[in-house]
Each structure stands twice: as structure tokens, then as C-alpha cells.
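Everything below concerns the one structure shown next.
A, B, ... follow the sequence lines: proteins, then strands. Residue 1 opens every chain.
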Protein chains: 2
Amino acid sequence: MNESTHKRIYCTDATWVGRSDCARCGIRDLMLFSGLPETAFTSDLEPIDHFLFPAGTPLYQEGQDEGVIFTIRKGLIKLMALTEKGEQRIVRLAGAKSAIGLELLDAGNTYRHTAIAVGDADVCRIPVNTIDLLNARFPTLCDQIRQRLQDQLDRADEWIVNLATGPAKLRIANLLLFMLKHSTGQNDVFPMLGGNDMAAIIGASPETVSRNIADLKRQGVLEKVAPGRYRGDHAALEAMLR
Amino acid sequence: MNESTHKRIYCTDATWVGRSDCARCGIRDLMLFSGLPETAFTSDLEPIDHFLFPAGTPLYQEGQDEGVIFTIRKGLIKLMALTEKGEQRIVRLAGAKSAIGLELLDAGNTYRHTAIAVGDADVCRIPVNTIDLLNARFPTLCDQIRQRLQDQLDRADEWIVNLATGPAKLRIANLLLFMLKHSTGQNDVFPMLGGNDMAAIIGASPETVSRNIADLKRQGVLEKVAPGRYRGDHAALEAMLR
DNA sequence: CGGTAAATTGACTGCTCTCAATTTACGTGG
DNA sequence: CCACGTAAATTGAGAGCAGTCAATTTACCG
């Protein structure tokens, strides 16, 4: 395999930042290739590319097979799956350090979800070929992949327990706590999801979400500090769980 | 490490069938050790044991660390997690060929769930030590583990989409279809779960489950053929999803 | 056969969905 | 900078669904 075989269509609607130089990646220790030597990234590998996806842009679609996985450097990606009735349900929110699209590592699989950037997202796109080759050369990579999968599984179980159980009010409190926990902002300020997204996460109608959020605002548990940014009362939210 | 270090307390309430002779396992091709040579199972490994768990018996408890994982030869295991309010939610049903307790492969972890046999279950208990050693010697094992984890993740996502979305009637129809799909019985006859279990699976009250099941029986979609065994009308159930 | 647990059913309350009408927010182009 | 159009959020009203509490029946195990 030579350089000329390494062409790959750019992700539609995404900004291509450049070829990723994994050997000199500043955050490699946090990412999938943690533990691999700098010399691992030889030129016979299909290249890894670095993209910026603007908010609302799809990384991939359910049922497709683009032959690439993504690691998230920064931002939030929503993973959505179709209900029998054709409605979208959000089954996971993947943040920094997560790897998504790993289902393609089993030959013949297609993407299980449609992945869409919630805010602007900063990601690396890694061909499955490259993973396979590195896997064969560096057994530690498989452990890294296993840990990312285990992490996603833990998240999925939390999702079932916290966001799919009990009355809507409680599920929303859990969701807000989840967003507080995973946001990097100061002072319990976090970027609020859209109402439709929250509805698709907890499995309720947008109206029910809106009414409950409005209640929380009236109670002072939630406070708007800027368009799309809210401050949440961590203690009050936790109290709602019991 | 010698034989004397290989003592391990028997699983409480389970019947010990014997040391597993993986090299001659009749179903190894279907299990976790598929792809490993017969010579892999050397005597320096902590031994793998074969157990029968009667219905209702726990394999392990959330928060513990017994240092073993399980592969399921036959039967059904329910994985339960605690809600903040102290209620049990069933997040997964693991059947034949599944491997559970894999979270222990990351050092420092404890079991994420309480695992309980639904019917009688036939399982192999594998020390994490043994997995680690085999992993170091046979890189293909890591792929097998990755595939089991991916399988569990796919199941968890299905769970969210099918069993945690929409009105109770629809979730129950999905659950019955799930049980039909994963049962080995003939003629769409399957072992019915208890009402409390079904309630803990779809996140509803036992009364709601009972009322909906009663409706389905009156409509002829469900038919009792023996105590604990029902026949389900596959087509009628599918029709309820649209 | 008795005791306990599970399942069933009723009554009632409260929650959530749907449909609909407004209001608000936001990006576009004048 | 403002006007506009579209999409999202908010709020109301009504119907139906689901939770709780309670009583009763059924099933099951020793």
C-alpha cells in the first residue's frame, strides 16, 4: 500500500484541520493510542485526519459503513438510533476521550447510530484499516479499545438506570446533573441542550421537558446566565433524586 | 504459581459440576476461548470451574470483586443495578454465549451489576488472572472479549430504544418479542418472566405489567400452555409496534 | 393442607401525551 | 440596523395512561 491509496473523501460539512501527527499529539496519553510508541505511526498506514464538525453536523449515519472510527478530542456527540416507529432516540452522549463507531471493528458491521455533533466538535478520524494494522503490531491497543467499549457500556447502563426510569421530573434532574458533571464550565454553568434533544434523551415529549425545565427555573434550581448557558443548583438537583 | 494457590471458594448456593476441561469443551467454538489452541490450557493457570446455578441464585453482587468472570453455557442471567432510590432496575438479560462480569478486567473495578439466574443456569467461572495470562499469550482472545463487549453494548442500546421508549403496552410487546427471539422453544412457546422482573425491565409498576399482559391474553395474542410457559402470536405482537 | 408470595382487579389520583395557540429566539437578507 | 421568516420554546386544555393503595384471588412450596 502506498500514499496514493490513502485518499479518502472528506467528511461532508466538516472542516478538515489536517493530517493528524499522532506521534506528536499533545493529548495522545488520553486518547486511544495511549501506550503506543511514537514510532508506531508509519507511513504505510492509512492516514488519520483531524476535523472540526460544526454544531448539528453528522459524523456518520446509522446503517452506513465509512470504514472509519472517531476519537473525540473536544465537544459532545449525540448517538441516535431509530425506533420502530421512526422516531429518533438518543442512546448516548459521547464526550472528550471517547471513541465512537467501534462497531465497525467487527467486519461486516455498519454504524449502529447516527452520530451528530451537539456543539462544535474536534475529532480525529481513524480508518479501521489503520486500527487493524496497529492492533496486530501492538497488543496494548486492544486493551485500550476494550476500555473504551467498557466505558460506553457503563454509560449505557447508567443511561437506563438514571434517564429511563421513574417520572419525567426525576429523569430531567438526572440529565441536568449529567450535563453538569461532564461540562468543563466554571461555577456549575453548563451549555443547555435543546428541548428536542432532551426529550429524545429521556424519552418524553418536548412539552413535558419544557414544563419541567420551566418549573425548575421558577424554583431557582436553574438560572439562565446567557443564551444557551445555564447555572444549575447541584445540591437542589441531587435532593430531587431522593 | 502452583496447584495449591488455585483454591477458590465455591459460589454459594450453586452446584459445582467440576473443573472445566476447556481443551475438550464441546462448545468452545461458541465461547470466549474460540480460536485458542487446545494446548493453551496449561496447569499454571488458575482453574476454570463449571457451575449450575438454580433459578433465583446470584452469581455475583454489585460492588463486589470476586476476581472471576462468567461465560454462560445455557440459561438466562438478569443483570440488575440499583436506582438512587434503592430500587432494582434490570439493565440486561444475558443468554448463552454471553460473557458477564467483564468490567473486572480493568484493575480496581467492582461488579457493576447484581447477576441472578432467571431459570436454572449452566455457566463457567473464569478467574480474571487466567484471562490476563491467556491474553498475554494469545492476542486473539482480546478480540473475542471485544466482540462480547460490543455485543453487550448493542444489547444495551436495543434495551434503551425498545424497552425504555414509548407507552407500557408497546414496551411489553417489545419485551415479549425479545423473549420469543431468544428462547429455544418450539412453536413460539417461551418461558414467561415473573411480573416483577418484567416491571423491572421496562421500568413500570407490576400492576401495569399485569394489566397489559391480561389484555394480551384476552385478545388471544398470548396463550398459557403450561405453568410458566406461554405461546405468543409473533405477527400480532409485531403489528402492535407500528 | 396451610402459609406465603405472586398475580389480578378496582378505584382513584396524578402525570404525561396530544393538539393547538402564542410567544420568543435566531439567522437571513434587505 | 431593521424587517422578516422559520424554527424553537412556552403555555393551555383535554383525554388517556400509569402509579399508588387496597382488596381479593390464585399459585406454589413445604
Problem - Presence of salt bridge, Arg231(A) and Asp188(A), under 4.0 angstrom - result: no

Handout entry: Gap between atoms CG and P, on Asn212(B) and dT9(C) respectively (whole Å)
Key = 12 Å

Practice task
Would you tell me if any nitrogen or oxygen in the side chain of Lys169(A) comes within less than 4.0 Å of OP1 or OP2 on dT16(C)?
Solution key: no

Exercise for the section: Look at the side chain of Pro167(A) and decide which nucleotide, out of dT16(C), dG19(D), dA20(C), has an atom nearest to it. Expected result: dT16(C)

Practice task
Side-chain contact test, heavy atoms from C-beta onward, threshold under 4.5 Å: evaluate it for Thr114(A) versus Leu79(A) and give yes or no.
Solution key: no

Exercise for the section: Report yes if a side-chain nitrogen or oxygen of Thr208(B) is closer than 4.0 Å to either non-bridging phosphate oxygen (OP1 or OP2) of dG19(D); otherwise report no. Expected result: yes

Practice task
Could you identify which residues of residues 79-91 of chain A place a heavy atom less than 4.0 Å from some atom of DNA chain D, listed by residue number, or say none?
Solution key: none

Handout entry: Interatomic distance, Glu207(B) CD vs dC12(C) P [rounded to whole Å]
Key = 17 Å

Exercise for the section: Write down the distance between CG (Leu216(B)) and C1' (dA7(C)), rounded to a whole number of angstrom. Expected result: 15 Å

Exercise for the section: Calculate the interatomic distance between Met198(A) atom CE and dA9(D) atom P; express it in whole Å. Expected result: 8 Å

Exercise for the section: May I have the distance from Met192(A) (atom CE) to dA25(C) (atom P), rounded to whole angstrom? Expected result: 15 Å

Problem - Sidechain-backbone polar pair: Asp120(A) side chain, Ala55(A) backbone, donor-acceptor under 3.5 Å - result: yes

Problem - DNA chain C: 5'-proximal contact among Pro227(A) and Ala168(A) (nearest heavy atom) - result: Ala168(A)

Problem - Phosphate contact (dT8(C) OP1 or OP2) by Ser210(B) side-chain N/O below 4.0 Å - result: yes

Problem - Residues Asp151(B) and Arg148(B) bridged, charged N to O under 4.0 Å - result: no

Practice task
Please figure out whether Val209(A) or Asn196(B) has its closest DNA chain C nucleotide nearer the 5' end.
Solution key: Asn196(B)

Handout entry: Atom-to-atom span, CD1 of Ile213(B) to P of dA7(C) - whole angstrom
Key = 10 Å

Practice task
Scan Pro206(A) against the nucleic acid and name what it touches under 4.0 Å (heavy atoms): base, sugar-phosphate only, or nothing.
Solution key: nothing

Exercise for the section: Could you check how far CG of Leu170(B) sits from P of dC17(D), rounded to whole Å? Expected result: 13 Å

Practice task
Please evaluate the base of dT20(D) for a donor-acceptor partner in the side chain of Arg211(B) within a cut-off of under 3.5 Å?
Solution key: yes

Handout entry: Salt-bridge contact Lys74(B)-Asp122(B) (side-chain N to carboxylate O under 4.0 Å)
Key = no

Exercise for the section: Taking only Lys NZ, Arg NE, NH1 and NH2, and the carboxylate oxygens of Asp or Glu, determine whether Arg112(B) and Asp154(A) approach each other closer than 4.0 Å. Expected result: yes

Practice task
For Arg89(A) and Thr83(A), test the side chains for any donor-to-acceptor distance below 3.5 angstrom and give the result as yes or no.
Solution key: no

Problem - Between dT10(D) (P) and Leu222(A) (CG): distance, integer Å - result: 11 Å

